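One structure is given here, and the rest of the page talks about it.
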Amino acid sequence: MAPKRRTRGAANTKKESEALEACPEGDAAREEPRKRKRAVPTEKPQDQNLKSVRSSGTTYSHWLMKSEPESRIENGVDVKFGIEDLKALPNQTSCWDGVRNYQARNFMRDMKVGQQAFFYHSNCKEPGIAGIIKIVKEAYVDHTQFDKKDVHYDPSSKPDNPKWSMVDVKFERMTKRFIPLAELKKYHLQHKSKGGPLSNMALFTRARLSVQPLTTGRTTKPKYHAVLTSVPVSVFMIYEELEKRMLVLGSSGSSSLLRNHWY
DNA sequence: GCCAACGTTGGC
DNA sequence: GCCAACGTTGGC
């Protein structure tokens, strides 16, 4: 199975007060009508908390999160959840439940409100980056781990000591162009030998990780490294550059800071 | 649908 | 704590 997101009702056995803590996505459309207050995640100012600091000292601020955009039945439940599904939800917001890998979970626990992530489509005909989402609620208990009927039920996890966490994400925008895995891989291979931002992209170095950080990469080119360390180049700038290049494929256009270092 | 890569489990 | 068996991910 893949990444991990999956849409289904939350908290329908919970009291109202607890429901407020649960997944914000609507389940009314999918299940029998039932009134419950929608949890509306509060958003902090954009420029606050844009960095997260891990105990190791490594800081990540941008992420990639995988989900499956095509229907697949797992234990009788369709796990389909593409970016269009997120976009179609009320408030374009959903919890990111079902992550059952410790490293992926820990990355989610590092996430801060306002940070961005790529929405990656996996296990499908055309895998790749489809859009950009934003963290709107920091890690809290993933209630699906206690739900026997849930695909991601974890009988080993106890309510007094929950194992799994989730965050809430909100649709921000589609990428200007779908960025296929094949393209990412092409750059990854180039950057791995010649240096560049995708040289150690987790998508390839940790292929099975469904929630992963983005970095500016490491390079064998000192010059490039100097550029990256002396100028506040955000990770997303690098990927926006990638988006641009997808749009002007073949053109020599782009006069970006990164142009001399990309290929 | 195949299967390589890799994470998890559990016997010892 | 080793490691073989097993399960999952996800590209192809």
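All chains are named by letter (A, B, ...) in the order of the sequence lines, taking the proteins before the strands, and each is independently numbered beginning at 1. Below, all heavy atoms of this structure are taken into account, side chains as well, without hydrogens, waters or symmetry copies. Just so you know, these numbers come straight off a predicted model, no measurement behind them.
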How does DNA chain C look in dot-bracket notation if pairs are Watson-Crick or G-U with both distances under 3.5 Å, crossing ones as [ ], other-strand ones as |? ||||||||||||
Nearest to the side chain of A/K66, which nucleotide is it out of C/dG10, C/dC12, B/dT8? C/dG10
Measuring to OP1 and OP2 of B/dG7, would you say a side-chain N or O of A/R206 lies under 4.0 angstrom away? yes
So if I take every side-chain heavy atom of A/S210 and compare against C/dC12, C/dG10, B/dT8, which nucleotide ends up nearest? C/dG10
OP1 or OP2 of B/dT8 under 4.0 Å from side-chain N/O of A/K163: no
Could you state the CG-C1' distance from A/L209 to B/dT8, rounded to the nearest angstrom? 15 Å
If you check the A/Y102 side chain, which of C/dG11, B/dT8, C/dC12 turns out closest? B/dT8
Looking at OH of A/Y140 and CG of A/D168, how far apart are the two atoms once the value is rounded to the nearest 0.5 Å? 3.5 Å
Mind checking if A/K125 touches a base, just sugar-phosphate, or nothing, with heavy atoms under 4.0 Å? nothing
Nearest-angstrom distance from the residue atom CZ of A/R100 to C1' of B/dT9: 17 Å
Nearest-Å distance for atom pair CG/P, residues A/L181 and C/dG11: 6 Å
In Å and rounded to the nearest 0.5 Å, what is the CZ to OG distance from A/R100 to A/S210? 10.5 Å
Closest non-hydrogen atom pair between A/P127 and A/Y120, with its separation: CB-OH, 3.6 Å
How close or far is atom C1' of C/dT8 from atom NE2 of A/H152, stated in whole angstroms? 12 Å
Tell me who clusters with A/W164, hydrophobic residues only, linked when side chains sit under 4.5 Å apart either directly or through other members. A/Y102
Can you tell me how far P of C/dG11 sits from CD1 of A/I129, to the nearest Å? 12 Å
Can you sort out the partners of A/Q103 under side chain to side chain contact (heavy atoms under 4.5 Å, CB included), two or more places apart, ordered by chain and number? A/N101, A/F107, A/R206, A/L209
To the nearest 0.5 Å, how far apart are CG in A/D110 and CD1 in A/I135? 11.0 Å
Produce the list of close N/O pairs, under 3.5 Å, pairing protein atoms with atoms of nucleotides 1-5 of chain B; give distances to one decimal.
from	atom 1	to	atom 2	distance (Å)
B/dA5	N3	A/R208	NH1	3.3

Whole angstroms only, please: what is the NE2-P distance between A/H188 and C/dG11? 14 Å
Any side-chain to backbone donor/acceptor pair from A/S165 onto A/V141? Under 3.5 Å, distance only. no
Within this structure, what is the CZ-to-P distance between A/R72 and C/dG11, rounded to whole angstrom? 12 Å
Report the distance from atom CG of A/D154 to atom P of B/dT8, rounded to the nearest whole Å. 12 Å
Going by the rule side chain to side chain contact (heavy atoms under 4.5 Å, CB included), which residues pair with A/F204 if we only count those two or more places apart in sequence or in a different chain? A/L181, A/L184, A/K185, A/H188, A/M201
Taking ring-ring contact (aromatic ring centres under 6.0 Å, His included) as the definition, give me every residue that meets it alongside A/Y153, ordered by chain and number, with sequence neighbours left out. none
